[in-house]
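Below is one structure, written out as structure tokens, with a few remarks after it.
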Amino acid sequence: MQPSETTPRLNVHAVKVIGHRNPDTDSVCAAIAYSRLKNMVDSQREYKPCRAGQLNRETKFVLDYFGVETPQLYTDVSPQVRDVDIRIAEGVDGEMSLRRAWDMMRDQNLDTLCIIDSERNLQGLITVKDVATANMDGVDPYILSHAETSYRNVIDTIEGKVLVGDPEGRSVQGRIIIGAGNSEMMERAIKKGDVVIVSNRSDSQLTAIEMEAGCIVVGADSKVSKTLRMLAEENDCLILSTPHNTYATGQIIPQAAPIRYYMLKDGLMTFNLNTPVETAKKVMGSVRHRYFPVLGDDGKYLGVVSRRNLLNLHKKQLILVDHNEKSQAAEGLEEAEVLEIIDHHRIGSLETDNPVYFRNMPVGCTCTIIYQMYREFGAEIDRATAGLMLSAILSDTLMFRSPTCTRLDENAAQELSQLAGVELETYANEMFEHGGDISGETAEQIFNTDYKVFTAGTFHFGVGQGSYMSERNRRAAEALVGPYLEPARVKQGLDYVFYMFTDVRGASTDLLFAGKEAPQVIARAFNVESADGCAVLPGVLSRKKQLVPALIDALKHISE
């Protein structure tokens, strides 16, 4: 029975728990904490925390403080080669003969073999077409010597036995000669080192030995006298016997050449696990062979894929945390399968193909919801997980100053601080101080620290936020990011960009903006005047609850 092209699978894919683009502390910590909970309560699948963007300084501080590994980056969740059934086809040694390569292709229903070295580095590949071409063009009597063919390959190909000599470590040095005709003709034809195929005629065998042939192949398992064997040994001439007759032996012996001689080694078309499926399809459409090598994350050969494999696509399975809008999700979301959504924001425009578990609560932080779920399942919360969830709550609620903060957030934070073994306010001040430090940062890096895109009717606008404990850090950030807002708006094709520089201690926000009529939008939303590209919003700390709803309402009035 032929092996299935889709079995066995290379690995079992983990469900990816992932937050929004430009992740904040809640987004990253929620992904880690929820994946840990899911791995405890669901033994049928593996759950893996991921992130959809670069970490900001605050989040880096939190992960370092509690000794937690940074989640893997996935900016695009479109299907990749790792999401298809990779066929486990063993790599082969380049010394394999053409004959053995053909047998393997036939028996395993493969049209491509991948040649690897002892460390599984890909050396080249050979196809059925290459083998067929080599056989059809096999008229070069020097082919075995040109290919530096080992005598072990010759013995295997002709199903031979060694009658005289030791073939180990020896390779063919001359031509392939059919030892027919009289002795005089053979003397003129044979050169030193040639492989001479002879029958049972002792005179032909003797002539080949005397002319210093490198090897005599005796067809039809014919006998060789004791005297000729002794003479051959004295002249360092191998004698092999084969069950095939002289004609058949002459036909198959060129197939002893190693496949490395014929393999394609330049311009190899390979895929790695991260190659997008769409890219793989385009490459496959431009090349005639069916199977393509796949390299692992370490660059080593793993297996092969074909066009048919791409039809058996396994979409990435996702759990979204801290967002439920497509514009905030990783690229390629429409090509993935969403299983769950855990969030505390307004319900956006995200659509799913199937019903999903959707838990949305009006609290200040996603990790507050996840903390409740730990308690509901009776799951243990270790120190690191407690520290991550605490950090997320402090960050999202601005240490309980944000109007989004609820009693549930405060109670969760108090309990988590005890489990994490930290003094709440001292730790919060240290975390915010690290997050507010912008030394060495570019305007673009600060801009993308916590930035999301929203839609209101026909308007598309972006809102970023940075929270600062010190006036010095906040002013420095405003000076750096302010000039970048208009270029960022144009680059993203948005109508407006707003950026909140929030003074945590003073409970106020400097709102910088870009976009035509942005001052009028802000005036309608907050009844304040702006100057020099900035509007001061006393008491406004929350993007989710105070800023975005007011902007959406103002934009709706403008569009009407």
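Values below: every heavy atom of this structure, side chains too, minus hydrogens, waters and symmetry copies. Sequential numbering from 1 along the given sequence is applied to the chain's residues.
Using a 4.0 Å cut-off between charged nitrogen and carboxylate oxygen, Glu340 and Lys38 count as a salt-bridge pair. One finds no salt bridge joining Glu278 and Lys282 here, because no Lys/Arg side-chain nitrogen approaches an Asp/Glu carboxylate oxygen to under 4.0 Å. Taking a cutoff of 4.0 Å between a charged side-chain nitrogen and a carboxylate oxygen, Arg106 and Asp103 qualify as a salt bridge. Using a cut-off of 4.0 Å between Lys/Arg side-chain N and Asp/Glu carboxylate O, Lys300 and Asp298 are scored as not salt-bridged. A salt bridge links Arg57 to Glu441: at least one charged side-chain nitrogen sits closer than 4.0 Å to a carboxylate oxygen. Between Lys129 and Asp111 no salt bridge is recorded (no basic side-chain N to carboxylate O distance below 4.0 Å). The pair Lys316-Glu337 does not count as a salt bridge, with every side-chain nitrogen at least 4.0 angstrom from each carboxylate oxygen.
The shortest side-chain heavy-atom distance between Met105 and Ile126 falls under the 4.5 Å cut-off. Contact check for Gln173 versus Ser145: no side-chain heavy atoms found under the 4.5 Å cut-off. Taking 4.5 Å as the limit, some side-chain heavy atom of Arg82 sits within range of a side-chain heavy atom of Asn274.
Applying the salt bridge (charged side-chain N to carboxylate O under 4.0 Å, His left out) test to Asp450 and every residue at least two apart in sequence or in another chain returns Arg543. In this structure Tyr301 satisfies the ring-ring contact (aromatic ring centres under 6.0 Å, His included) test with no other residue, sequence neighbours excluded. Here Phe447 pairs with Tyr451, Tyr484, Tyr499 under the ring-ring contact (aromatic ring centres under 6.0 Å, His included) rule; sequence neighbours left out. In this structure, the salt bridge (charged side-chain N to carboxylate O under 4.0 Å, His left out) partners of Lys315, at least two apart in sequence or on a different chain, are Asp353.
For residues 207-218, the set of pairs meeting the side-chain hydrogen bond (donor to acceptor under 3.5 Å, both in side chains) definition, not counting sequence neighbours, comprises Ser183-Thr207. Note on residues 242-265: pairs passing side-chain hydrogen bond (donor to acceptor under 3.5 Å, both in side chains), not counting sequence neighbours, are Glu95-Arg260, Arg99-Gln255, Glu159-His244.
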*What do the steps show when you test Leu313 against Gln80 for side chain to side chain contact (heavy atoms under 4.5 Å, CB included), and what is the final call?*
CA-CA 9 Å; Leu313 177 65; Gln80 300 166 298; over 6 Å; no

_Asp93 and Ile115: CA distance, side-chain angles, deciding distance, side chain to side chain contact (heavy atoms under 4.5 Å, CB included) verdict_ = CA-CA 6 Å; Asp93 191 333; Ile115 294 94; 5.9 Å; no

_If you apply the rule salt bridge (Lys or Arg N to Asp or Glu O under 4.0 Å), what do you find for Glu233 with Arg229, and how did you get there?_
CA-CA 6 Å; Glu233 191 166 356; Arg229 291 190 187 199; over 6 Å; no

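Between Leu295 and the options Leu302, Thr275, Asn121, Thr270, a side chain to side chain contact (heavy atoms under 4.5 Å, CB included) holds for only Thr270. For the side chain to side chain contact (heavy atoms under 4.5 Å, CB included) with Lys452, the lone residue among Gln328, His323, Glu325 that qualifies is Gln328.
For the residue pair Gln72/Lys48, the side-chain donor-acceptor check at 3.5 Å is satisfied. No hydrogens or angles considered: a donor-acceptor pair under 3.5 Å links the side chains of Thr366 and Asp322. Inspection of the Ser391 and Thr25 side chains reveals no N or O donor paired with an N or O acceptor under 3.5 Å. No side-chain N or O of Thr133 forms a donor-acceptor pair with one of Asp130 less than 3.5 Å apart. No donor-acceptor contact under 3.5 angstrom links the side chains of Asn309 and Arg87, judged on distance only.
A distance of 8.0 Å separates CG in Leu98 from OG1 in Thr157, rounded to the nearest 0.5 Å. With values rounded to the nearest 0.5 angstrom, Arg307 atom CZ is found 5.0 Å from Phe292 atom CZ.
For Gln123, the CD atom counts as densely surrounded, since its 6.0 Å shell holds more than 12 non-hydrogen atoms of other residues, nucleotides or ligands. Around CE of Met40, the count of heavy atoms belonging to other residues, nucleotides or ligands within 6.0 Å exceeds 12. Within 6.0 Å of the CD atom in Glu380, the count of heavy atoms belonging to other residues, nucleotides or ligands does not exceed 12.
At distances below 3.5 Å, not a single donor-acceptor pair connects side-chain atoms of Asp194 with backbone N or O atoms of Ile190. No donor-acceptor pair closer than 3.5 Å links the side chain of Glu331 to the backbone N or O of Asp76. Between the Asn235 side chain and the Leu231 main chain, a donor and an acceptor come within less than 3.5 Å of each other.
For the pair Ile259 and Ala101, the tightest heavy-atom approach, listed with the atom from each and the gap, is CG2-CB, 3.7 Å.
Relative ring orientation between Tyr142 and His146 is described as parallel, the plane-to-plane angle staying below 30° on a 0-90° scale split at 30° and 60°.
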